[in-house]
Amino acid sequence: MSKFDYKISVRKQRGAALLVLAVVLMLTAALFMIGKNSRNSDRLQREADVNRILLEAKEALIAVAIAHPTNP
């Protein structure tokens, strides 16, 4: 194998390494985005639960106020 053949082989390997690195970076970015969407979904679900609980508490307070015999 001549020096020329060795340089071509090294260039091919560098290109392959760059391609593998690009794929790894793209997969990492995709997983990060999926995880971020999942966290947003969890946050929205918690907010919906809190809003439902607050609405039930409000209705309960109004019911107690209406039912109070001396100070409605």
Side-chain angles (χ1 to χ4, degrees):
M1 179 156 84
S2 69
K3 288 184 180 182
F4 183 72
D5 292 336
Y6 175 73
K7 288 182 181 180
I8 291 174
S9 176
V10 170
R11 286 185 191 147
K12 286 182 182 179
Q13 289 177 0
R14 285 183 187 163
L18 183 60
L19 183 61
V20 169
L21 180 62
V23 169
V24 169
L25 288 175
M26 288 185 347
L27 287 174
T28 303
L31 290 174
F32 176 75
M33 296 299 253
I34 290 170
K36 186 176 181 180
N37 287 338
S38 176
R39 287 188 300 269
N40 285 340
S41 175
D42 292 343
R43 183 181 55 83
L44 291 174
Q45 182 63 40
R46 281 193 309 268
E47 286 180 6
D49 291 342
V50 168
N51 286 336
R52 182 183 48 79
I53 291 168
L54 288 174
L55 182 62
E56 289 174 4
K58 179 182 175 182
E59 290 173 355
L61 283 173
I62 291 172
V64 167
I66 290 173
H68 199 275
T70 57
N71 295 326

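Atoms considered below: every heavy atom in the structure, side chains included; atoms not considered: hydrogens, waters and symmetry mates.
- Scanning for salt bridge (charged side-chain N to carboxylate O under 4.0 Å, His left out) contacts around Arg46 gives an empty result, with sequence neighbours left out.
- Residues passing the side-chain hydrogen bond (donor to acceptor under 3.5 Å, both in side chains) test with Asp49 are Gln45, sequence neighbours excluded.
- With sequence neighbours excluded, the residues that form a side chain to side chain contact (heavy atoms under 4.5 Å, CB included) with Ile62 are Lys58, Ile66.
- By the salt bridge (charged side-chain N to carboxylate O under 4.0 Å, His left out) test, Glu59 is found to be paired with no residue, residues two or more places apart in sequence or in another chain being considered.
- Applying the side chain to side chain contact (heavy atoms under 4.5 Å, CB included) criterion to Val24, with sequence neighbours excluded, gives Val20, Thr28.
- Remark: Glu47 pairs with Arg43 by the side-chain hydrogen bond (donor to acceptor under 3.5 Å, both in side chains) rule, at least two apart or across chains.
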